[in-house]
2 protein chains.
Amino acid sequence: MRRDVFQAIADPTRRAILGLIVMGAMTPNAVAAHFDSTRQTISKHIQILTECEVLIQKKTGREIYYHFNPEKMKEIDIWLERFRKMWEDSFNQLDNLLNNI
Amino acid sequence: MRRDVFQAIADPTRRAILGLIVMGAMTPNAVAAHFDSTRQTISKHIQILTECEVLIQKKTGREIYYHFNPEKMKEIDIWLERFRKMWEDSFNQLDNLLNNI
DNA sequence: TCAGTTTTTTGCTATTTGGCTAACCATCAA
DNA sequence: TTGATGGTTAGCCAAATAGCAAAAAACTGA
């Protein structure tokens, strides 16, 4: 069972969940209220996000608050690093120009 | 058939292909030489990357050179933007500290 | 034209995924 | 203790995915 951050953010629902939780820690029920899917389905998505540690759970009583973990998301940013220079590099823009002749 | 950049980079083989092609445009055969998979399988991966426009094909004779398209990859960078402040923000580091008490 | 090369397309598998319902724990408040 | 609430797990299904082998295109060069 491959469970890395890249696979985690491949699903649009999971990206939306991350977009919610980054605003502030939430319980699964609170998250599910924003979607049409059942609580069970959302719970599964949250579980996948937790398994690859992009979310961290903190139990308080019977409620579980899920927090966003910046460190894991950073991995994507780091991977993106070597590609980023392609759109920041002005030489590349010249290269694109030449290729489009 | 969902075909976006996020789904495209979910597969480790496709990430590796992108890592190769960003160094310089390549033909499918040249790409396949770097992997254990068959040429057909690599061709399919390249096709998926092309469908979501993270690769662009340029035919020269009977050879097809695949080029990296920075613009599409940029979409990931843009999506990441709102999360990025979480690991750049010094207040968040304080927040992490408080949560770990 | 014809043989050879490069690349894609076409089935065909096995596995994974995302979604559901129903059942199951754990905890809170009467 | 008992019912309600918060959350996960189990079992099932349809669709998508990744991989392969084999066939078909498309082009090159003799």
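Naming convention: chains lettered A, B, ... in sequence-line order (proteins, then strands); numbering from 1 in each chain.
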Mind checking [X] for me? I need base, sugar-phosphate or nothing, with any heavy atom below 4.0 Å counting as a touch.
X        : answer
Tyr65(A) : nothing
Phe35(A) : nothing
Thr38(B) : sugar-phosphate
Lys59(A) : nothing

Exercise for review: Check whether Tyr66(B) and Trp87(A) end up in the same hydrophobic cluster, where Ile, Leu, Val, Met, Phe, Trp and Tyr are linked by side-chain heavy atoms less than 4.5 Å apart.
Suggested key: yes
**Study point:** Under 3.5 Å: donor-acceptor pair, side chain of Arg14(A), backbone of Ala8(A)
**Key:** yes
Between [atom2] of [N] and [atom1] of [X], the distance in whole Å:
X        : N       : atom1 : atom2 : answer
Asn29(A) : dG7(D)  : CG    : P     : 5 Å
His45(A) : dT9(D)  : NE2   : P     : 15 Å
Gln40(B) : dT6(C)  : CD    : C1'   : 12 Å
Glu63(A) : dT5(D)  : CD    : P     : 13 Å
Gln57(B) : dA26(D) : CD    : P     : 14 Å
Ile64(A) : dT27(C) : CD1   : P     : 10 Å
Lys44(A) : dC13(D) : NZ    : C1'   : 11 Å
Glu51(B) : dA18(D) : CD    : P     : 12 Å

Below 4.0 Å: OP1/OP2 of [N] and any side-chain N or O of [X]:
X        : N       : answer
Thr41(A) : dG18(C) : no
Arg3(A)  : dT17(C) : yes
Arg39(A) : dT5(D)  : no

Exercise for review: Would you mind telling me which residue lines up with the more 5' stretch of DNA chain C, Gly61(A) or Ser37(A), judged by nearest nucleotide?
Suggested key: Ser37(A)
Check your understanding: Taking side chain as C-beta onward, heavy atoms only, is Ile76(B) less than 4.5 Å from Leu80(A)?
Key -> yes
Practice item. Among the candidates dA18(D), dT8(D), dT9(C), find the nucleotide nearest to the side-chain atoms of Ser43(B). Key: dT9(C)
Exercise for review: State which of dT9(D), dT17(C), dG7(D) makes the closest approach to the side chain of Gln7(A).
Suggested key: dT17(C)
Review point. Considering the options Val5(B), Ile9(B), Asp4(B), Asp11(B), which one meets the side chain to side chain contact (heavy atoms under 4.5 Å, CB included) requirement together with Gln7(B)?
Key: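 Among Val5(B), Ile9(B), Asp4(B), Asp11(B), the one meeting side chain to side chain contact (heavy atoms under 4.5 Å, CB included) with Gln7(B) is Asp4(B).
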Point to revise | All pairs passing ring-ring contact (aromatic ring centres under 6.0 Å, His included) where residues 6-45 of chain A contributes a residue, at least two apart | key: Phe6(A)-Trp79(A)
Review point. Any donor-acceptor pair under 3.5 Å joining the side chain of Arg62(A) to the base of dG7(D)?
Key: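 Not at all, since no donor on one side and acceptor on the other fall under 3.5 Å apart.
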